[in-house]
Amino acid sequence: MKLGLEFYKQDALSLAKNLIGKILVRKINEKVIKCKIVETESYIGPEDKACHAYNNRRTNRTEVMFWEGGHAYVYLIYGMYNCLNIVAGERDKPEAVLIRALEPLNEFEFLKENRKIKSNKLKDLTNGPGKLCRALNITKDLNGYDLVNGDELYILDNLEDVHIVSAKRINIDYAEEYKDKLWRFYIKDNAFVSKK
DNA sequence: GTACCGATGTTCT
DNA sequence: GAACATCGGTACC
């Protein structure tokens, strides 16, 4: 069953944990690509120095984080890669959950064609935030997309039991006392997690 | 296996 | 002009 508005209205920390194990669905033309979410990170403005919306910084880029939960926040990083976030919580509270890694469940050939890399390992297709966006053709066109009412990108519930562990977030050394927060979550021993 | 490096563009100082 | 929530290739163990 598709996750509804109430699910996305929880705070980013709970949402990051509760998104683990859920099924991300990407519809492109007639293809319906399904992937299990195996790794996430919380970004909680205005207090979090690692968050783009730290100190309530509200710009064209961060605007979507201020929207109601259930929207996609997609931004460009290092000039080459897009990153997909799920906006959490209430309107005017800038919180989001970064999707860091996915486990593909179908359409493996489609994902591989999008990635254009030498590796033949399935896990190399989606074990990082920039990689999974390229594999699923997620670009800034989807920034602000409505995951509750849209059908090109949405998330399905999954009742499967998962063993979640928490860890420090990745590559935010500039965030001072917030860099060591255990705001990253992933499925223990899952091969598709980006970093142990 | 690890280490380094370049690619690339938007945002903010 | 610098920084940046990254990645893939190459070089070397």
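Letters go in sequence order (proteins before strands), and every chain restarts at 1.
In this structure the side chain of A:E177 reaches within 4.5 angstrom of the side chain of A:K49, judged on heavy atoms.
C:dA5 is unpaired under the criterion used here, namely a Watson-Crick or G-U wobble arrangement in which both key atom distances are under 3.5 Å. Under the Watson-Crick or G-U wobble criterion, with both distances below 3.5 Å, B:dT8 is left unpaired in every strand shown.
Among the protein residues, A:S119 comes within range of no part of the nucleic acid, since none of its heavy atoms lies under 4.0 Å from any strand. A:R184 comes within 4.0 angstrom of nothing in the nucleic acid, heavy atoms only. Residue A:K140 is in sugar-phosphate contact alone, with no base atom involved, counting any heavy-atom pair closer than 4.0 Å across all strands shown.
Considering CD1 of A:I28 and CG of A:L136, their distance stands at 6.5 Å, rounded to 0.5 Å. Taking CG of A:L5 as the start and CG of A:N149 as the end, the distance is 8.5 Å to the nearest 0.5 Å.
Rounded to the nearest Å, the gap between the C1' atom of B:dA3 and that of C:dA5 is 22 Å.
Remark: A:K118 is not in phosphate contact with C:dC7, judged by side-chain N or O atoms under 4.0 Å from OP1 or OP2.
Taking atom CG of A:L125 as the reference point, atom P of C:dC7 lies 13 Å away to the nearest angstrom. Atom pair A:N82:CG and B:dT8:P shows a separation of 15 Å (rounding to whole Å applied). Counting to the nearest Å, the P atom of C:dC7 and the CD1 atom of A:I138 are 13 Å from each other. Atom OH in A:Y54 sits roughly 13 Å away from atom P in B:dT13 (whole-Å rounding). As rounded to whole Å, 11 Å separates atom P of C:dC7 from atom CG of A:D124. Atom CZ in A:R115 sits about 9 Å away from atom C1' in C:dG8, given to the nearest Å. Summarising the geometry, the separation between CG on A:N120 and P on C:dG9 is reported as 12 Å, rounded to the nearest angstrom. The distance from atom NZ of A:K116 to atom C1' of C:dC7 is 16 Å, rounded to the nearest whole Å.
Using a cut-off of 4.0 Å between Lys/Arg side-chain N and Asp/Glu carboxylate O, A:E41 and A:R169 are scored as not salt-bridged. Salt-bridge check for A:D11 with A:K17: failed, with every basic side-chain N at 4.0 Å or more from each acidic carboxylate O.
In this structure, A:W183 and A:Y178 have tilted ring planes: the angle between them lies in the 30° to 60° band.
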Taking only N/O atoms, report every protein-nucleotides 2-6 of chain C pair under 3.5 Å with atom names and distance.
{"residue": "C:dA5", "atom": "OP1", "partner": "A:H52", "partner atom": "NE2", "Å": "3.3"}
{"residue": "C:dA5", "atom": "OP2", "partner": "A:Y174", "partner atom": "OH", "Å": "2.4"}
{"residue": "C:dA5", "atom": "N9", "partner": "A:Y75", "partner atom": "OH", "Å": "3.2"}
{"residue": "C:dA5", "atom": "N7", "partner": "A:A50", "partner atom": "O", "Å": "3.4"}
{"residue": "C:dA5", "atom": "N7", "partner": "A:H52", "partner atom": "NE2", "Å": "3.1"}
{"residue": "C:dA5", "atom": "N1", "partner": "A:N85", "partner atom": "OD1", "Å": "2.5"}
{"residue": "C:dA5", "atom": "N3", "partner": "A:Y75", "partner atom": "OH", "Å": "2.8"}
{"residue": "C:dT6", "atom": "OP2", "partner": "A:N171", "partner atom": "ND2", "Å": "3.0"}
{"residue": "C:dT6", "atom": "O3'", "partner": "A:G130", "partner atom": "N", "Å": "3.3"}

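Within 6.0 Å of NZ in A:K123 there are 12 or fewer heavy atoms belonging to other residues, nucleotides or ligands.
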